[in-house]
Amino acid sequence: MLQKLEELKKEFRASVKDLKDQNSLAEFKADYLGKKGKLNDILGGMREASGEVRKSVGARANEFKQEILDTLAAQLTKIETAEVNAKLKKSWQDITLTDDVMARGLQSAGFHPVTIIQREIEDIFISMGFDILDGPHIEDDFHNFEALNIPDTHPARDMQDTFWFADMAHLLRTHTSTIQIRGMEANDPPFKFVGPGKVFRCEATDASHEMAFHQLEGMMVGKDISVANLIYFMKTLLSEIFRQDMNVRLRPGFFPFVEPGFELDIECLICGGKGCKVCKGSGWVELLPCGMTHPNVLRAGGIDPNEWNGFAFGLGLDRLVMMRYHIDDIRHLHGGDLRFVEQFKAY
Ligand code: FA5
């Protein structure tokens, strides 16, 4: 048995070097160590052997088994390394050569048109002494509705289709008017600020409606603020942004958080007022709802309405961007098509 074992060892050592891939390695292992393999074949005679022989053959056989396992493991590493090297050799790249992308040159990143216009508007308001405020996307009922004079039972809640969280106490803010409340909570009057940001509504999309879009809120609180102040700031904003004569119209608008409330529309610049899918054939685009802050809202923000008053507005930022760049479908703005966004590099 010992002699057979030695012969098998020799045979193993001679042939293991020739194994070139993982499959033949696995077959080889089964051939030597499998149930019906060569080693067991030799050890089959152990039953009839004396205790002394069993002991010495058993010990040698175990050593040999370990040698087989170690050698195959080392061989496997060799084969794997050779396979990886072969792959690398095939797919190597000369990075000193120009490929298609490199030949076109590195592309410099630009700004999204909503960001461009948002920053321009922020600059306009900063130059008029306004602060810039922010607010959370996830809001509570109080900041989105209650404090804005929209109690639980108020029909105006249906005007804005809301994404509620399962607890029915939190929601994705439906408008940036939440920033009015946060601004009042954080500041003592007099103050004036604008607050841009994303808002969310559960509504069907079309050429001028998105589910996630941008607004820019504005609020001014002081002594004896009037509608004339409000109109002055709205006019300044529009003339700075469009730098052209604009046809605008002011009409009454209902929002529970302002009294009186207005809708400031601009003549549609896509069709020049003739009527198109953006303005739904009316020739006018709803852009800038605004009004004088309702006393209940000031009270909810901790401000005494007998001493202070103010105005607020909520600009539809995406629609302003569409008018400024003559974009005829709001869905281009958030479609993620780089060819679209790349056209707006400036800021
Ligand atoms: C509001 O959200 C009020 N919070 C605005 C406000 C603020 C009024 C302060 C008074 C004082 P409204 O739901 O109309 O109002 O939205 C304001 C603007 O956002 C609209 O004029 C429009 O330009 C834009 N807008 C509304 N819904 C969408 C939409 N689905 N997609 C894109 N823009 C929209």
Side-chain angles (χ1 to χ4, degrees), residues 114 117-118 121 133 135 139 143-145 147-150 154 156-163 171-184 192-221 225 227 230-231 233-234 237-238 241 248-266 268-269 277-280 282 284-294 296-298 301 309-324 327 329-334:
V114 171
I117 297 295
Q118 180 185 317
I121 297 174
L133 296 191
E139 268 293 6
H143 288 89
N144 200 84
F145 292 123
L148 285 160
N149 201 27
I150 317 175
H154 201 292
R157 287 207 176 200
D158 296 338
M159 282 161 61
Q160 298 175 1
D161 298 305
T162 310
F163 286 113
L171 48 94
L172 290 176
R173 69 177 177 199
T174 58
H175 53 177
T176 45
S177 297
T178 53
I179 301 177
Q180 288 186 35
I181 308 302
R182 298 205 169 267
M184 285 189 285
K192 45 189 188 297
F193 59 78
V194 291
K198 213 168 219 175
V199 300
F200 309 86
R201 290 187 197 174
C202 181
E203 58 178 299
T205 58
D206 62 26
S208 55
H209 290 83
E210 262 290 5
M211 287 204 291
F213 57 100
H214 300 82
Q215 290 185 341
L216 186 132
E217 198 76 9
M219 188 179 210
M220 179 172 187
V221 172
I225 308 280
V227 174
L230 168 61
I231 291 173
F233 284 109
M234 302 299 92
L237 166 65
L238 293 177
I241 287 293
V248 299
R249 71 176 186 191
L250 196 66
R251 60 192 168 91
F254 171 71
F255 302 93
F257 30 98
V258 285
E259 180 58 39
F262 308 101
E263 286 278 8
L264 194 152
D265 305 333
I266 63 169
C268 181
L269 294 177
K277 63 177 180 171
V278 174
C279 60
K280 303 236 160 52
S282 73
W284 295 93
V285 176
E286 268 182 26
L287 193 70
L288 235 173
C290 51
M292 302 305 291
T293 305
H294 195 289
N296 287 350
V297 176
L298 290 172
N309 76 336
F311 68 71
F313 61 89
L315 170 75
L317 208 49
D318 305 65
R319 295 211 188 142
L320 183 75
V321 170
M322 291 168 75
M323 292 300 114
R324 162 83 174 252
I327 298 165
D329 197 313
I330 194 170
R331 288 164 292 198
H332 288 311
L333 289 174
H334 308 294

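When a ligand or atom number is given, it counts from 1 through the structure's own listing order.
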Quiz item: Hey, what's the ring geometry for Phe257 with His175, parallel, tilted or perpendicular (30° and 60° as the breaks)?
Solution: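 Plane angle over 60°, so perpendicular.
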Quiz item: For Phe262, which residues count as a ring pair (Phe, Tyr, Trp, His ring centres under 6.0 Å) partner, sequence neighbours excluded?
Solution: none
Which atoms of ligand 1 sit under 4.0 Å from any heavy atom of [X]?
X: Gln180; result: 9 (C)
X: Glu203; result: 30 (N)
X: Val258; result: 11 (C)
X: Ser208; result: 31 (N), 32 (C)
X: Arg201; result: 1 (C), 2 (O), 12 (P), 13 (O), 16 (O), 26 (C), 27 (N)

Report the part of [X] in contact with ligand 1, treating N, CA, C, O as backbone and CB onward as side chain, heavy atoms under 4.0 Å; options are side chain, backbone, both, neither.
X: His209; result: both
X: Ser177; result: side chain
X: Val199; result: neither

With a 3.5 Å distance limit and no angle check, can you tell me whether [X] reaches the backbone of [Y] through a side-chain donor-acceptor pair?
X: Asn309; Y: Ile225; result: yes
X: Asn144; Y: Arg173; result: no
X: Arg319; Y: His209; result: no

Self-check item: His175 N/O to ligand 1 N/O under 3.5 Å
Solution: yes
Could you pull out, from [options], the option with a heavy atom nearest to [atom]?
atom: atom 6 (C) of ligand 1; options: Phe311, Phe257, Phe213; result: Phe257
atom: atom 19 (O) of ligand 1; options: Met322, Gln215, Glu263; result: Gln215
atom: atom 5 (C) of ligand 1; options: Pro289, Cys290, Gly218; result: Pro289

Exercise. Answer yes when Asp329 and Lys277 have at least one side-chain N-carboxylate O distance shorter than 4.0 Å, and no when they do not.
Key: yes
Self-check item: Carboxylate-amine/guanidinium contact Lys280 Glu286, below 4.0 Å
Solution: no
Quiz item: Does even one non-hydrogen atom of Glu217 get within less than 4.0 Å of ligand 1?
Solution: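 Within the 4.0 Å threshold, so yes.
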Quiz prompt | is_close_aromatic(Phe311, Phe233), centroid dist under 6.0 Å | solution = yes
Quiz prompt | Close side-chain approach of Leu320 and Ile117, heavy atoms under 4.5 Å | solution = yes
